[in-house]
Structures are given as structure tokens and as C-alpha cells.
Amino acid sequence: MRKKGIAILGSTGTLGRATLDVVRRHPERFRVVSLSCGQNTSLLLRQIEEFRPRYVTVLSARLSEKVKREVSSMAGAPEVGHGREGLRRAVSVRGVDVVLVCVVGMEGFLPTLEAIRRGRTIALANKETLVVGGPLVMKEARKQGVRIIPVDSEHSAIHQLLKREKKRAVKRLILTASGGPFFRMPLKKLRYVTVEDALKHPVWNMGRRITIDSATLMNKGFEVIEARWLFGMREEKIGVCIHPQGVVHSMVEFLDGSVLSQMGHSDMRIPIAYALGWPERIASGVEGYSPENTTLEFFPVDERKYPCLRFACESLRLGGSAPAVLNAADEVAVDMFLKGMIKFIEIPVVIEKTLTEHLPWRLASPEDVLEADRWGRKKAMEVVKGL
Ligand code: MG
């Protein structure tokens, strides 16, 4: 069997390391062709020694010089690049079949688009790519006949549930949300929430922005936008329910009244293994979930408590550049909250005001997306200053 060539963008982060953990279990199946990281070059060097990639890339020219010196005496040393060009090269080097996009933020958008143009299969963990540029990305994927396999647990669940189903048989997608640390807190107490309170996620252990986004449910809003593009479903057919235990990763309701769900432990190696192995299932290193002696609960979403979810759906209805502006406004608002500049309950205020002032434009090129991102950041900063 020919080995699948893997490129990992963001190999030293939590998801990148989890990916290499899955790859390590299947040396007969996978070969690591390229790796990218930001600044953690000491871990990258260990990954180079273990996986022997052909190409690696880091954030800056200075860091790439450092890595070059370190690998110079190594037999079969990788080529080393940096910056945007490095990411472009990481997805296009010879032998890459699947690109795992684990980088966080807008940085993921352009290299993913490049990987699609090159006909690579995409295993997508980066949120921004589909949130900011959904229509463009899907159009390019269709044109190139490229598959985008989601790595987010909710979308991986739906991907698994829809495997052999016709789209017209699907009545509704139901994304589950943990509800974050404030699910059981009364609405009026939200105004006293501190950064420390908001950073305590009940189920998943993740980066700072996504943890805050889970507390406001904006993260689920972004997932609704991603689901809209990944599965070609209109937003009114995508629902959200709160499921504090985080065992059911999502559900699909069919026209015959059946509702299917996918369950598992909250361990990202499950969706990673699914995406890497697809269309086959491979071992992930995670034990199956045992339902004995457990209780699963499901609740409706209180829209007054979680207005961000509604903004995400509104941005989809507005279309074009609106979701990119939504994302930019959220990034600014969360950053300002983490720096102690605004209150937790002001995060949705910043997002709503920014979105209200935006007149969306059509996304004809990647530049239109980047322009929307810049516009949203600038406007959101103005809103913060005016609070
Ligand atoms: Mg998720």
C-alpha cells in the first residue's frame, strides 16, 4: 500500500501534537512530508528527528536560520522555509496527499485555499477558513474535486452520520454545545464574570480565544456557519442544543423521524483519526465511550443569555463579507476582554454594533475576504473605544 503523505500546518500546537500521536500509531499508512510551526522550534526539531519530513517552515526568517543551523549536520535534513511563502510551500511540496490545517486564526485561510488549488485533500481544524471565506473555499473545492473533511468534533460527527445519506433525507442538523462555564449561572450574574471564570471550560481543554468563544457560544455560531458550507445546508435547518456532558458530538434528524447521534470521549484524536484515515476507520488510541451509569442531558439555548449565536445566523443571512466581519469583531472583542479593557457582557455588544454598521460586499477573491477582516477589526476597535 502506498503511504499517504501528510502535511501538518501547526504541528507543535495541541491539535498538531494529537495528529502526530495518531500518525505514530500507523507507520505503515502515513508519511509526514511537511510540518509548520510558529515559534516552538525546540519541539519542531524533535518532530523533525522522529518523522523526517521533507520540508518544514516556521514563523520568521530569524527562526528559520536557527532551524537550518540545527539540522545542517542531519542526514536527509529537511528544506526550511518561513512566513506566508513557507506555508504555501508546505502544502505544495511533492508527495503531500492530505493537508491537516491546525493553525489558529486567519493564518489558516490562504494556505488552505492554496492546498485546494493543488488538489490536496483537506482535513480542516482551522475555523476561520470556512467562517470568513466559505463560499469561495467551497467553490474552489468543487472546481478541483477536492474533499474537505472536518476535524472539529461536531462536524466530524455530522460527516460520519451523513456518510451514506441523501441530502433530501435530512431534516435538520443539531450541533451540541457544552454551554460553557456559565450555563448554570443566572443571566444577571454574567456582568460580574472575570477573565479567570471565563477561561474555565467544563469539557475541553483549548486555547484562550476558543474557550471564551465557548462561554459566549460564539464558537457554536462559527460552527453553524461552517456546517452551512460543509454540508450545504441552509441556516434554518441547523439547530443548536446544550449538552453539558459533551458526549454526543452532534445529531442529524432525518425525514422519517430518526435522529442519529455520534458519541465519544472528548478527545480530538477521534476526529483526527477519522479525517486522516477517511474513507477507512483507523485506531485513534482512544477507548470507546461506555454508556453505563452515565446521564446525558439536553437543553434548549437561552437566546438572551447567548446572543452571539443569533449574530452568527444573521451574518449568514447577510452573506458575502458579513461572516468575516463577525469573526474579526469577535476576535477584537475577546482580546479586549482578556486584556481587561471590556466586560464579558460587552463582547456581544461590540460584535453587534460592528455588524450593524457593515454593508456586506460579495466575495469574489481572497482579497475581498482579507479586506472584510481588516474592516471588521478597525470598526470593532472604534466601537470598543466608544463604549
Ligand atoms: Mg467544536
Side-chain angles (χ1 to χ4, degrees), residues 10 13-16 18-19 100-105 108 112 122-132 134 148-162 173-183 198-231 233 235 238-252 261-276 284 286 289 296 298-299 301 306 308-309 311-313 316 323 326-327 330-331 334:
T14 317
L15 277 178
T19 303
L100 243 121
V101 191
C102 305
V103 284
V104 184
T112 307
I122 307 292
L124 190 62
N126 173 270
K127 295 238 139 150
E128 282 74 4
T129 299
L130 285 177
V131 172
V132 302
I148 300 179
I149 305 164
V151 174
D152 204 352
S153 61
E154 292 80 358
H155 304 101
S156 175
I158 294 173
H159 197 272
Q160 297 180 45
L161 296 169
L162 291 179
L173 309 181
I174 307 165
L175 299 170
T176 51
S178 72
F182 311 130
F183 169 57
L199 285 176
K200 284 183 204 133
H201 192 275
V203 183
W204 297 92
N205 188 3
M206 310 171 290
R208 284 158 70 89
R209 181 186 173 202
I210 186 169
T211 304
I212 304 298
D213 282 342
S214 300
T216 61
L217 242 64
M218 188 47 137
N219 181 52
K220 213 48 55 178
F222 291 146
E223 289 179 0
V224 169
I225 300 175
E226 291 181 274
R228 192 259 169 269
W229 300 116
L230 276 169
F231 308 114
M233 298 287 285
E235 62 271 18
I238 308 171
V240 174
C241 82
I242 307 263
H243 168 47
Q245 290 78 19
V247 168
V248 170
H249 295 302
S250 277
M251 301 178 242
V252 177
S261 74
Q262 185 261 355
M263 298 196 261
H265 289 299
S266 305
D267 188 317
M268 287 306 289
R269 286 177 297 173
I270 297 175
I272 289 168
Y274 176 78
L276 284 182
S284 66
V286 185
Y289 164 75
L296 300 181
F298 301 93
F299 302 96
V301 176
Y306 299 110
C308 289
L309 190 57
F311 304 155
C313 294
L316 266 179
L326 173 93
N327 174 67
D330 176 68
E331 195 169 328
V334 170

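In listed order, ligands and their atoms are each counted from 1. Small disclaimer: the values here were computed from a predicted structure and weren't measured.
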Participant: For the Mg ion (ligand 1), give me the closest N/O/S atom belonging to Glu154, just the atom name.
Facilitator: OE1

Participant: Please verify the inter-ring angle class for His243 with Phe298; under 30° counts as parallel, over 60° as perpendicular, anything in between as tilted.
Facilitator: parallel

Participant: Closest N/O/S atom of Glu223 to the Mg ion (ligand 1), by atom name?
Facilitator: OE2

Participant: Considering just N/O/S atoms, say which atom of Asp152 is closest to the Mg ion (ligand 1).
Facilitator: OD1

Participant: Between His265 and Tyr289, how do the two ring planes meet: parallel, tilted or perpendicular, split at 30° and 60°?
Facilitator: perpendicular

Participant: If you compare all heavy atoms of Leu199 against all heavy atoms of Thr211, which two are closest, and at what distance to 0.1 Å?
Facilitator: O-CG2, 3.5 Å

Participant: In sequence, state the C-alpha distance, the side-chain angles, and the governing distance for Lys127 and Asn219, and then conclude on side-chain hydrogen bond (donor to acceptor under 3.5 Å, both in side chains).
Facilitator: CA-CA 9 Å; Lys127 295 238 139 150; Asn219 181 52; 2.6 Å; yes

